[in-house]
Amino acid sequence: MFKIVHAQFIAPGIKRFVIEAPRIARKQRPGQFVIIRVNETGERIPLTIEKSDPEKGTVNIVVQSIGKTTNLLNSLETGDSILDIVGPLGKPSEIENFGTVVVMGGGVGTAMAYPSASALKKAGNRVITIIGGRNKDLVILEKEMREVSDTVFVTTDDGSYGDKGLVTDRLRQLIDNGTRIDEVLAVGPIPMMKAVADMTRKEHIKTMVSLNPIMIDGTGMCGGCRVLVEGKSEFACVDGPEFDAHRVDFAILVQRNAMYRDAEKRSLEEYKHEVEKNKATAAEPEVACALEGKK
Amino acid sequence: MSTPSTPKEPQKKSSNPIPNKERAKMPRQHMPEALPQIRNKQFTEVNLGYSEELARQEALRCIECAKPSCTKDCPVGVKVKEFVQLIVDGDFMGAAAKIREDNVLPAITGRVCPQEDHCEGACLLCKTSESLGIGYLERFVADYEQKHFDKTKIVRAPSTGKKVAIVGSGPSGLTAAGDLVQKGHQVHVFEALHEIGGVLVYGIPEFRLPKQIIREQVDIMREMGVEFETDVVVGRTVTIDELMEEEGYDAVFIGTGAGLPQFMGIPGEHLNGVYSANEFLTRINLMHAYEFPKYDEPMVDFRGKNVAVIGGGNTALDAIRSSLRLGAGHAFILYRRSEAEMPARIEEVKHAKEEGIEFQVLAAPLEFLDDGKGWLKGARCQKMELGEPDSSGRRRPVPIAGSEYEIPLAVAVMAIGTTANPIIQTTTPGLATTKKGYIQADDTTQKTSRKGVFAGGDIVTGGATVILAMGAGRRAAKAIHDYLTNGEW
């Protein structure tokens, strides 16, 4: 059992958990992730590590409510526990002084990009960060990113904050302005990472992306997370999760991530139904009395 | 429980009243089984186990060889003759204790060990009749022990003050742990997954090895003093060097298993509906996907569909028989050699056939076909014939020109072996590996190139069997004990 020391929503549907996991906290490097299982009947899903505190023995994970497991997770509060957390998994990001690095975070992907941005800055790079979200509320970790970047650009799809448009629009402008870019690191939804890859391929800018295929064990045993990299099967959990964006077959990734869409939909509907039912039961007067009587 | 074996004790006289000559004429007692047409729809165990009467009846068949070849051919050296005699005597707990001197997981080996390749294959009864049902008897004794187990009777060996880390809780790790704790060492087992048992839990299905059996065997080990820690990927969560230098372990045994599943490298392997056997079985066994939506891990819908498993080993049979239980309409094995070369246990092949599995042998897929939406719709296959023996000693499959054919398929499972998992090798400086990336270890001591570090099981040999991994765990435990006692490397 891993205790949640602190849980707080940082945006609508996006929650940050500070979790007691001393072994993971001690070893975590930028670019790595954890796999969690919420309870006995739960599935195993990979999640982003935002940062860790080796002294306090805690890791921060940032979770966006999408399916049943992430919704269930985001219903947990400070003081609750998560049954299993294993990590840190995957190869750490390559951190060197490349020169100028553009770090791009789309939505909750910003949390995964943050520790890399921080490490790249420490390694002496000039860090230009571009983060984006659908609207102002969904732009996360702007303050944290500003602390570790030379420049931060924010974009929103609806223009409610920062520039109206996509993170790639801002990247386009940087390229067109003649900004020297030695490397790009992009973490976010697959269409965003693909768009970045397509753009930088033409410009011959080395680009890394952090992939999020379906995973089970996270140690290379199951092969469920295989991605096609330049025609070769690679496992995101042991060979990645970061790959050279110009070699990744994004179409296969999209296709494979959709494999359980029907089941995922059913799980989420049943979970929501369950939550509603529990709410209704809790609201019934005699139950409420019984609970009060207990107190 | 921790009684040391005394090899020179005088041969006990058997209480078997049947003359030796008569014994070979007695028929082998059949294992009671669930009916094929019922069991192929559920995950409950196929073999139901001997009754006390059946067990004694079968035990009476042992001809009590002076130099038992069954024990010699057992990778962990179970004293078969002795434990069978104790069954004849009706001393089932005594029989269990006798097995435990050499094998800490009898309820597991009694179920999954390929006895025909070891003890039963060596049994002299084979010459005139059928071999003694050693596996069935072992299972009977182990199950009897679990039912009547008295935890208070466990005697813990006096502590040596030495700490041993076991990496991986599969058959080799559990065996090493069990042997070492009985020598008085403090034993801590690290497991990457959330459940103890390694391949026994994620790989072998409930209908062949119920999880409850593993839990009970592990509980006994806990009572013996073995500590278990889940959710630790050694190499990532903590390194071998950190275990030895910072956490004070005097020795480490690496038994992490084979690792990465192999694919054929043919077109279409990334289609939805194509699984590795490891993923397919992990979803079912470890994650209970067959109980979706009670359990959250999903699985594609198998009901009424054509399912093929590519391969001919126990893993392939576990996968195809599982697919039938998930409702597959037509389930078949595609194997490139003939049935004679199949590495699977004979009993599994028999069970699979009874359950309605079709065997398409001497055939292999060349390509998986896309339905246009990224899902598998079929396979283009090729027929084979057998040529000269290859390096494995089995006759090599040779493609027959012009024999290509297509089959409709909704799910394909690749059960064609594994390659070395690199996590520990790449995070442990100075740990020598083979050309194929497995850890180099001595055949008798399981010593690696790093002082204090031992390795065994599939991470050393590549994919093999539960009992061979257990044999390695046993040899390692002996060598670790020697090393911890005399400090010599």
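Protein chains get the first letters and strands the later ones, always in sequence-line order, with residue 1 at the start of each. This structure is a prediction, so every number in the text was calculated from the model and none was measured. Computed over heavy atoms, backbone and side chain alike; hydrogens, waters and symmetry mates excluded.
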Give the intermediate values and the outcome of side chain to side chain contact (heavy atoms under 4.5 Å, CB included) for residues B:Trp375 and A:Met259. CA-CA 9 Å; B:Trp375 284 84; A:Met259 193 151 160; 3.8 Å; yes
Hey, which of A:Glu43, A:Met221, A:Arg26, A:Arg256 has the most heavy atom pairs under 4.5 Å with chain B? A:Met221
Hey, could you give me the CD/CG distance between A:Glu264 and B:Asp296, rounded to the nearest 0.5 Å? 11.0 Å
Quick check: are there more than 12 heavy atoms from other residues, nucleotides or ligands sitting under 6.0 Å from NZ of A:Lys15? yes
To the nearest 0.5 Å, tell me how far B:Asp231 CG sits from A:Ile36 CD1. 11.0 Å
Over 12 foreign heavy atoms within 6.0 Å of CD, B:Glu216: yes
Can you establish whether the number of heavy atoms outside A:Arg261 located under 6.0 Å from its atom CZ is more than 12? no
Is the closest basic N to carboxylate O distance between A:Lys27 and B:Glu242 below 4.0 Å? yes
Given a strict heavy-atom distance threshold of 4.5 Å, which part of A:Val227 is in contact with chain B: side chain, backbone, both, or neither? backbone
The interface call for B:His194 against chain A, heavy-atom contacts under 4.5 Å, is both
Decide yes or no for A:Arg226 and B:Val274: does some side-chain heavy atom of the first lie under 4.5 Å from some side-chain heavy atom of the second? yes
On the 0 to 90° scale, with breaks at 30° and 60°, tag the A:Tyr260-B:Tyr275 ring pair as parallel, tilted or perpendicular. tilted
Any non-hydrogen side-chain atom of A:Val238 less than 4.5 Å from a side-chain atom of B:Ile423? yes
If you look at every heavy atom in A:Cys222 and B:Ser276, which pair is closest and at what distance? O-OG, 2.5 Å
Heavy-atom distance under 4.5 Å between the side chains of B:Tyr295 and A:Ser267, does that happen here? no
Hey, could you give me the NZ/OG1 distance between B:Lys294 and A:Thr41, rounded to the nearest 0.5 Å? 8.5 Å
Counting only heavy atoms closer than 4.5 Å, note whether B:Thr282 contacts chain A via side chain, backbone, both or neither. side chain
For a quick test of reading the model, state the closest non-hydrogen atom pair linking B:Arg236 to A:Leu89 and the distance between them. CD-CA, 4.1 Å
Check whether A:Leu83 gets within reach of chain B through its side chain, its backbone, both or neither, counting any heavy atom under 4.5 Å. backbone
Apply the side chain to side chain contact (heavy atoms under 4.5 Å, CB included) test between B:Val233 and each candidate in A:Ile24, A:Ile35, A:Val86; give the one that qualifies. A:Val86
Heavy-atom cut-off 4.5 Å, strictly under: side chain, backbone, both or neither for B:Glu291 against chain A? neither
Between B:Glu195 and chain A, which part of the residue has a heavy atom less than 4.5 Å away: side chain, backbone, both or neither? neither
So how far is it from B:Glu297 CD to A:Thr69 OG1, rounded to the nearest 0.5 Å? 8.5 Å
Going by atom types alone, do B:His270 and A:Ser233 pair a side-chain donor with an acceptor below 3.5 Å? yes
What part of A:Arg37 is in contact with chain B, defined as an atom under 4.5 angstrom from a non-hydrogen atom: side chain, backbone, both or neither? side chain
Quick check on the interface: out of B:Lys373, B:Met414, B:Glu247, who has the most heavy-atom pairs with chain A under 4.5 Å? B:Glu247
Quick one: do A:Arg23 and B:Glu229 make a salt bridge, cutoff under 4.0 Å? yes
For each of A:Arg266, A:Glu270, A:Lys232, A:Arg44, tally heavy-atom pairs with chain B at distances under 4.5 Å, and name the one with the top tally. A:Arg44
Passes side chain to side chain contact (heavy atoms under 4.5 Å, CB included), A:Gln255 versus B:Asn272? Steps please. CA-CA 7 Å; A:Gln255 166 219 308; B:Asn272 295 355; 3.0 Å; yes
So for B:Val199, is it side chain, backbone, both, or neither that comes closer than 4.5 Å to the heavy atoms of chain A? neither
Can you tell me which portion of A:Tyr271 sits under 4.5 Å from chain B's heavy atoms? Options are side chain, backbone, both or neither. neither
Could you tell me which portion of B:Tyr202 (side chain, backbone, both or neither) has an atom closer than 4.5 angstrom to a non-hydrogen atom of chain A? side chain
If you compare all heavy atoms of B:Pro261 against all heavy atoms of A:Gly220, which two are closest, and at what distance to 0.1 Å? CD-O, 3.3 Å
Checking heavy atoms, do the side chain of A:Ile252, its backbone, both or neither come under 4.5 Å from chain B? side chain
Applying a strict 4.5 Å limit to non-hydrogen atoms, the region of A:Glu40 in contact with chain B is backbone
If you count the non-hydrogen atoms of other residues, nucleotides and ligands that lie under 6.0 Å from NZ in A:Lys206, is the total more than 12? yes
Could you walk me through whether A:Asp217 and B:Leu193 pass the side chain to side chain contact (heavy atoms under 4.5 Å, CB included) check? CA-CA 7 Å; A:Asp217 65 297; B:Leu193 293 170; 3.7 Å; yes
